[in-house]
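Have a look at the structure below, then the notes.
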Amino acid sequence: MNLQEETEFLLKQNGLKANKQLGQNFLINEEIIDQIVEKSQVTKEDVVIEIGPGLGSLTAKLLEVAKKVIAIEIDGQLATFLKKRFSLYDNFELIVEDVLKVNLKELTGKYEHVKVVANLPYYITTPIIMKLLEEKLALESITVMVQKEVGERFCATPNGKEYGAITLSILYYTNPQIVIDVPKENFHPVPEVDSVVVKLDILKEPPVSLKDTKLFFQLIKAGFSQRRKTISNSLSGMGIAKEEIKQVLEQVGLKENLRAENLSIHDFENIANCLTKN
Ligand code: SAM
């Protein structure tokens, strides 16, 4: 039986149906699961946090290579199935809860090497990623399947339409990379969009040195909330005097007519630090 047949069989046998509202699109290609595990570089030293194990196809492979897998699943019916499926594994732990409500700091704080590996529920991709990053957990990397469009935004470079506030947040905390392209036919049920697997290697220190981190993120938010505005107009909208804006942009070597999408993370760093000094 291949994974597609097995997935359909297990759902039927257990009286389950993929729940669209919970973003349940199960991976049915074993090769892609192997590739995710390979790209995640999980070893026997690592504790893996898997968000949304579903029927456990990825979990089963992770259990073979990791020291321990802590799976967080919101769906009680799937949880009952998973408990049975992995009852003989002493390196499997299941938390039946909404991942956004789990105290991840406490959970991950007990271990030395922690990696996140998951095929994420797409309806809450960004809140999950931001929780993982902003709570400053001691993670080494996050290897996750996301909607292609979202993955492209995470890994975008300046001057394109994908580049935005989320790109800069990701860059502040990680070194991001798209590692696998996954067409939609590899899921059951088939979703409307293609996917990619992104690997976010967590940085020990941010790539920017800031006098005022809050101001740096305020500038990014202001810059991208109206993408068509020039950076000069965005700064003016933040209540900064025209003369000061002119001076700051001149000092950091940026033309007044540039937009947020044209600025690198270091341009935002320079503007923020210059404004703090003035
Ligand atoms: N890992 C499985 C696979 O690859 O076949 C299933 C992935 S499926 C895209 C997303 C999984 O996340 C589902 O099992 C779903 O029930 C679970 N999920 C959805 N919302 C969740 C939440 N808030 N917290 C934890 N798990 C959630």
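The figures here come from the full heavy-atom set of this structure, side chains too, leaving out hydrogens, waters and symmetry mates.
In this structure the side chain of Ile72 reaches within 4.5 angstrom of the side chain of Ile49, judged on heavy atoms. No side-chain heavy atom of Ile178 sits under 4.5 Å from any side-chain heavy atom of Val197. Side-chain atoms of Val69 and Val117, non-hydrogen and from C-beta on, never get closer than 4.5 Å to each other.
Every residue meeting the side-chain hydrogen bond (donor to acceptor under 3.5 Å, both in side chains) condition with Glu30, not counting sequence neighbours, appears here in chain and number order: Lys61. A search for side-chain hydrogen bond (donor to acceptor under 3.5 Å, both in side chains) contacts involving Asn91 returns nothing, not counting sequence neighbours. Tyr89 is linked by a ring-ring contact (aromatic ring centres under 6.0 Å, His included) to Phe86, counting only residues two or more places apart in sequence or in another chain. Thr43 pairs by the side-chain hydrogen bond (donor to acceptor under 3.5 Å, both in side chains) definition with Asp46, not counting sequence neighbours. With sequence neighbours left out, the side chain to side chain contact (heavy atoms under 4.5 Å, CB included) criterion links Asn103 to Lys105, Glu106.
Surrounding NZ of Lys20 are at most 12 heavy atoms belonging to other residues, nucleotides or ligands under 6.0 Å away. Annotation for Glu31: atom CD does not count as buried by contact number, only 12 or fewer foreign heavy atoms lying within 6.0 Å. Environment of CD in Glu250: sparse, with no more than 12 heavy atoms of neighbouring residues, nucleotides or ligands closer than 6.0 Å. Summarising the local packing, CD of Gln21 is surrounded by 12 or fewer heavy atoms from other residues, nucleotides or ligands at distances under 6.0 Å. A 6.0 Å sphere centred on NZ of Lys184 holds more than 12 heavy atoms belonging to other residues, nucleotides or ligands. When the shell of 6.0 Å around CD of Glu45 is examined, it contains 12 or fewer heavy atoms from other residues, nucleotides or ligands. Heavy-atom neighbours of Glu135 CD from other residues, nucleotides or ligands within 6.0 Å: above the threshold of 12. Heavy atoms from other residues, nucleotides or ligands lying under 6.0 Å from NZ of Lys131 number more than 12.
Here the side chain of Asp267 pairs a donor or acceptor atom with the backbone of Ser264 at under 3.5 angstrom. Lys229 contributes no side-chain N or O that, together with a main-chain N or O of Leu235, makes up a donor-acceptor pair within less than 3.5 Å. With Arg85 contributing its side chain and Leu55 its backbone, the two residues share a donor-acceptor pair below 3.5 Å. Not a single donor-acceptor pair under 3.5 Å links the side chain of Glu244 to the backbone N or O of Ala241. A distance-only check finds a donor-acceptor pair linking the side chain of Asn2 to the backbone of Gln4 [under 3.5 Å]. Side-chain N or O atoms of Tyr163 include one that pairs as donor or acceptor with a backbone N or O of Leu263 at under 3.5 Å. Side chain of Asn273 to main chain of Lys211: a donor-acceptor pair is present (N/O by atom type, distance under 3.5 Å, no hydrogens or angles).
In this structure, the separation between NZ on Lys136 and CD on Glu134 is 8.0 Å, given to the nearest 0.5 Å. Annotation: the span from Glu73 atom CD to Thr59 atom OG1 amounts to 9.0 Å, rounded to 0.5 Å. Of the inter-residue distances, the one linking Asp194 atom CG with Lys148 atom NZ reads 6.0 Å to the nearest 0.5 angstrom. The line from NZ of Lys84 to OG1 of Thr80 is 7.5 Å long, rounded to the nearest 0.5 Å. To the nearest 0.5 Å, atom OG of residue Ser225 and atom NZ of residue Lys221 are 8.0 Å apart.
Both Leu215 and Ile220 belong to a single network of hydrophobic side chains, linked directly or stepwise wherever heavy atoms of I, L, V, M, F, W or Y lie under 4.5 Å apart. Val146 and Phe187 are members of different hydrophobic clusters when ILVMFWY side chains are connected at heavy-atom separations under 4.5 Å. Cluster annotation: Val182 and Ile129 are assigned to distinct hydrophobic clusters (Ile/Leu/Val/Met/Phe/Trp/Tyr, side-chain heavy-atom contacts under 4.5 Å, transitive).
Leu219 and Met238 get closest at one heavy-atom pair: CD2-SD, 3.7 Å. Pro121 and Ile51 get closest at one heavy-atom pair: CD-CG2, 4.4 Å.
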TODO: Please step through side-chain hydrogen bond (donor to acceptor under 3.5 Å, both in side chains) for the pair Gln24 and Asp75, ending with a clear verdict.
DONE: CA-CA 10 Å; Gln24 291 176 359; Asp75 184 325; 2.9 Å; yes
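A side chain to side chain contact (heavy atoms under 4.5 Å, CB included) with Asp201 is found for one member of Asn175, Thr174, Ile142 and no other, namely Asn175. If you run side chain to side chain contact (heavy atoms under 4.5 Å, CB included) between Phe154 and each of Thr167, Ile166, Val144, Val196, only Ile166 comes through.
Salt bridge Lys68/Glu93: present, at least one basic N to carboxylate O contact under 4.0 Å.
Applying the ring-ring contact (aromatic ring centres under 6.0 Å, His included) test to every pair with at least one member in residues 105-150, sequence neighbours left out, gives no pairs at all.
Ring pair Phe217/Phe268: centre-to-centre distance not below 6.0 Å.
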